[in-house]
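Heads up: numbering here begins at 1 and tracks the sequence. Side chains are part of it too, since the values below use all heavy atoms of this structure and drop only hydrogens, waters and symmetry mates.
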Amino acid sequence: MPTLIKNGTIVTAADTVQADLLIDGEQVALMGRNLPSEGAQVIDAAGKLLLPGGIDVHTHLELPFGGTVSSDDFFTGHRAAAFGATTTHLDFVIQPVGGSLKEGIDEWHAKSTPKAAIDYGFHVAITDLRDDVLTEIPSVIDEGITSLKLFMAYKGLFQIDDTTLFRAMQVAAEHGLLIMVHAENGDVIAELTKQLLDEGKTAPKYHAVAHPAIAEAEATGRAVALAGISGASLYVVHVTCEEAVEQIALGRAKGFPVMGETCTQYLFVFEEDLARPGYEGAKYVCSPPVRQPKDAAVLWKSLAGGDLQAISTDHCPFWYEGGVEGRIAGKELGREAFHQIPNGMPGIEDRMPVMWHAGVGGGHYSANRFVEIASTNPAKIFGLYPRKGTITVGSDADIVIWDADKEHTISAATHHMNTDYNVYEGMRVRGWPEKVLLRGRVIVDGEEWLGAAGEGKFLRRKPFGDVL
Ligand code: URP
Ligand code: ZN
Ligand code: ZN
């Protein structure tokens, strides 16, 4: 039976319009005033906004990392995402040591297919660019994957050298693949880490000392320059600081095809949080590290003004107290020394409400710009638009019925992520999803979960995504 959402206000990146929405099957079939309701299941959205489902293009579900595995799998992570108004995400396949890209892709499909409850796609992270892997790169397009990730940090684990980055960029430019980088100077970080440990500086706060902002800016500038030379489209993930934004802005001013995202936590969590009493700071250890309020001010401006095009989460959750009560090991692994703390934070559930509340409510940008950075631009850049990222005739009916007046206090006691802490604990947000539809089906209704494992679809994406 078709679904008619009546009396709502549709907010897209471009427009805010009052219109009814008819969903037939999995897609939006019709938009207009006073659409007839005969034969349809009716949802009354009077006084509510209709937003396209959020798209989080940077997540790590069930990622083996830091001596353990991130604590959300493709079911718990998807359910949490849906409760937070996100209906699509892109996760990072990691090329296995000595293996092919295809082996990594198969591994990620095996983890995700039976559990998926929202729609999702993959990027592939290249860790070992042997000649056979270089020739393998274009075949990822046949797998529906159109973005490659390279880590310029995590020495001895994921880190690649400039030759690898440049060669990957050249192939990417030829085939319309997007290059994504984790931009930090991994050699400098490894050396600073060693020196700090030798001096007995082992507390979580030293994580930030080992990862200076200028080391992020240096790597960002290097990646931007290589993109300029190779012609590859570049998307810098988790940009944290003023100096790195400057490098992206400089590249864009020169006409290089470079873009960047920041992540929710970099707007709300700061270096001082790493120095919280006891071992609390470990909760906030991620790479690049959280910075200073003055950096957050630049990030807000860049999100509003266009030098950063998207907001994601880098959702990579670990238990604070892991290894007990059936929990996998977590942040406690680094009690002896900061470099052993698993890097990452939870956030897939919080991004949309927090970025609405502080971004729209706080006057940083309009509701339309919120939709643009949280859904539309991610869809355009990553080859999903207009199937995802907007509300229009023919697009997937991933619709969030958003109550802009509803208030909610964020807490680990009520969130759905598989972690024992929430980075935004106690934050009272205004603006909350009332219902969430995935391809026309209500999967979240208030506090009720109506989705199911196995219902999320793998999204095959198009190459030559937009450069915004
Ligand atoms: O600390 C982080 N960011 N963990 C996830 C892996 C990455 O670098 O994105
Ligand atoms: Zn990273
Ligand atoms: Zn990440």
**Prompt:** Going through the checks in order, is the ring pair (Phe, Tyr, Trp, His ring centres under 6.0 Å) test met by Phe65 and Phe158?
**Reply:** CA-CA 10 Å; Phe65 189 45; Phe158 300 146; 5.6 Å; yes

**Request:** Using distance alone, with no hydrogens and no angle criterion, decide if Thr59 and His315 have a side-chain donor and acceptor under 3.5 Å apart.
**Result:** no

**Prompt:** Charged N to carboxylate O under 4.0 angstrom, Glu191 versus Lys194?
**Reply:** no

**Asked** Between the side chain of Glu332 and the main-chain N/O of Glu321, is any donor-acceptor distance below 3.5 Å?
**Response** no

Residues 301-310, side-chain donor-acceptor partners within the protein, below 3.5 Å, at least two apart:
{"residue": "Ser302", "atom": "OG", "partner": "Val298", "partner atom": "O", "Å": "2.7"}
{"residue": "Gln309", "atom": "OE1", "partner": "Gly260", "partner atom": "N", "Å": "2.7"}
{"residue": "Gln309", "atom": "NE2", "partner": "Gly306", "partner atom": "O", "Å": "2.7"}
{"residue": "Gln309", "atom": "NE2", "partner": "Asp307", "partner atom": "O", "Å": "3.1"}

**Centroid-centroid distance, Phe92 to Phe151, less than 6.0 Å** = no

**Message:** Regarding Ser71 and Asn418, do their side chains bring together a donor and an acceptor under 3.5 Å, going by distance alone?
**Reply:** no

**Item:** Sole candidate of Val400, Val371, Asp396 that passes side-chain contact (heavy atoms from CB on, under 4.5 Å) when paired with Pro52
**Value:** Val371

**Message:** Any donor-acceptor pair under 3.5 Å linking the side-chain atoms of Thr313 with those of Asp56?
**Reply:** yes

**Asked** Do His357 side-chain atoms and Arg430 backbone N/O form a donor-acceptor pair below 3.5 Å?
**Response** yes

**Item:** Between Tyr266 and Phe268, ring centroids under 6.0 Å
**Value:** no

**Request:** Answer with yes or no whether the side chains of His58 and Glu261 bring together a donor and an acceptor at under 3.5 Å.
**Result:** yes

**Prompt:** Just by modelled atom types, is the Ala282 backbone N or O under 3.5 Å from a matching donor or acceptor in the Lys331 side chain?
**Reply:** yes

**Request:** May I ask you to decide whether Glu242 forms a salt bridge with Arg291, counting only side-chain N to carboxylate O separations under 4.0 Å?
**Result:** no

**Prompt:** Any donor-acceptor pair under 3.5 Å linking the side chain of Thr12 with the backbone of Ala14?
**Reply:** yes

**Message:** Donor-acceptor check, side chain of Thr76 to backbone of Asp72, threshold 3.5 angstrom: yes or no?
**Reply:** no

**Item:** Point-to-point distance, once rounded to the nearest 0.5 Å, from CD1 of Ile94 to CG of Leu101
**Value:** 11.5 Å

**Request:** List the atom of Thr376, the atom of Gly389, and the distance in Å for their closest heavy-atom pair.
**Result:** OG1-O, 2.8 Å

**Request:** Could you tell me whether the side chains of Gln159 and Asp187 share a donor-acceptor contact shorter than 3.5 Å?
**Result:** yes

**Prompt:** Salt-bridged, Glu271 to Lys205, with N to O below 4.0 Å?
**Reply:** no

**Prompt:** Is Val171 close to Pro138 at the side-chain level, that is, under 4.5 Å between some pair of heavy atoms?
**Reply:** yes

**Message:** Below 30° counts as parallel, above 60° as perpendicular, anything between as tilted: where do the rings of Trp402 and Phe370 land?
**Reply:** tilted

**Prompt:** So, the side chain of Arg252 versus the backbone of Val258: is there a donor-acceptor pair under 3.5 Å, distance only?
**Reply:** yes

**Item:** Centroid-centroid distance, His89 to His78, less than 6.0 Å
**Value:** yes

**Message:** In this structure, is the centre-to-centre distance between the rings of Phe464 and His175 below 6.0 Å?
**Reply:** no

**Request:** Check step by step if side chain to side chain donor-acceptor pair (under 3.5 Å) holds for Asp91 and His60.
**Result:** CA-CA 6 Å; Asp91 205 79; His60 303 280; 5.6 Å; no

**Request:** Verify the ring-centre separation between His339 and Tyr206: is it less than 6.0 angstrom?
**Result:** no

**Asked** Please walk me through it: do Glu184 and His182 pass side chain to side chain donor-acceptor pair (under 3.5 Å)?
**Response** CA-CA 6 Å; Glu184 286 189 287; His182 171 134; 2.8 Å; yes

**Prompt:** Who passes side-chain hydrogen bond (donor to acceptor under 3.5 Å, both in side chains) against Lys111, sequence neighbours left out?
**Reply:** none

**Request:** Say whether, by atom type as modelled, one donor and one acceptor occur between the side chain of Thr164 and the main chain of Ile160 under 3.5 angstrom.
**Result:** no

**Item:** Residues Phe270, Tyr284; criterion ring pair (Phe, Tyr, Trp, His ring centres under 6.0 Å); working and verdict
**Value:** CA-CA 9 Å; Phe270 302 111; Tyr284 311 101; over 10 Å; no

**Message:** Could you check whether Phe458 and Tyr120 have their ring centres less than 6.0 Å apart?
**Reply:** yes

**Request:** Before accepting this row, confirm whether a basic side-chain N of the pair Asp73/Lys115 lies closer than 4.0 Å to the acidic partner's carboxylate O.
**Result:** yes

**Request:** Check Glu243 against Ala213 and note the closest heavy-atom contact, atom names and distance.
**Result:** OE1-CB, 3.9 Å

**Message:** I need the Thr264 OG1 to Met345 CE distance, nearest 0.5 Å.
**Reply:** 10.5 Å

**Request:** For side chain to side chain contact (heavy atoms under 4.5 Å, CB included), just list the numbers for Thr220 and Glu216, CA-CA rounded to whole Å, side-chain angles, deciding distance to a tenth of an Å, and then say yes or no.
**Result:** CA-CA 6 Å; Thr220 305; Glu216 179 184 340; 4.1 Å; yes

**Message:** Regarding Asp119 and Thr88, do their side chains bring together a donor and an acceptor under 3.5 Å, going by distance alone?
**Reply:** no

**Prompt:** Does Lys283 make a cation-pi contact with Tyr320 (under 6.0 Å, within 45 degrees of the axis)?
**Reply:** yes

**Message:** Using the rule given for side chain to side chain donor-acceptor pair (under 3.5 Å), can you reason through Gln170 versus Ser230, listing the C-alpha separation, both sets of side-chain angles and the distance that settles it, and then say yes or no?
**Reply:** CA-CA 5 Å; Gln170 287 182 314; Ser230 64; over 6 Å; no

**Asked** Would Ser139 and Asp142 count as having a side-chain donor-acceptor pair, cut-off 3.5 Å?
**Response** no

**Neighbour count above 12 (heavy atom, 6.0 Å) for Glu336 CD** = no

**Message:** Any side-chain to backbone donor/acceptor pair from Lys462 onto Tyr385? Under 3.5 Å, distance only.
**Reply:** yes

**Message:** Closer than 3.5 angstrom, by distance alone: can the side chain of Thr262 be matched with the main-chain N or O of Val239 as a donor-acceptor pair?
**Reply:** yes

**Prompt:** Are the aromatic rings of Phe83 and His415 close, with centres under 6.0 Å apart?
**Reply:** no

**Prompt:** Once you round to the nearest 0.5 Å, how far does CH2 of Trp356 lie from CZ of Arg351?
**Reply:** 13.5 Å

**Item:** Short side-chain to backbone donor-acceptor contact, Asn185 and Ala219, under 3.5 Å
**Value:** no

**Request:** Verify side chain to side chain contact (heavy atoms under 4.5 Å, CB included) between Lys102 and Val140, making sure each step is shown before the conclusion.
**Result:** CA-CA 8 Å; Lys102 178 76 167 74; Val140 302; over 6 Å; no

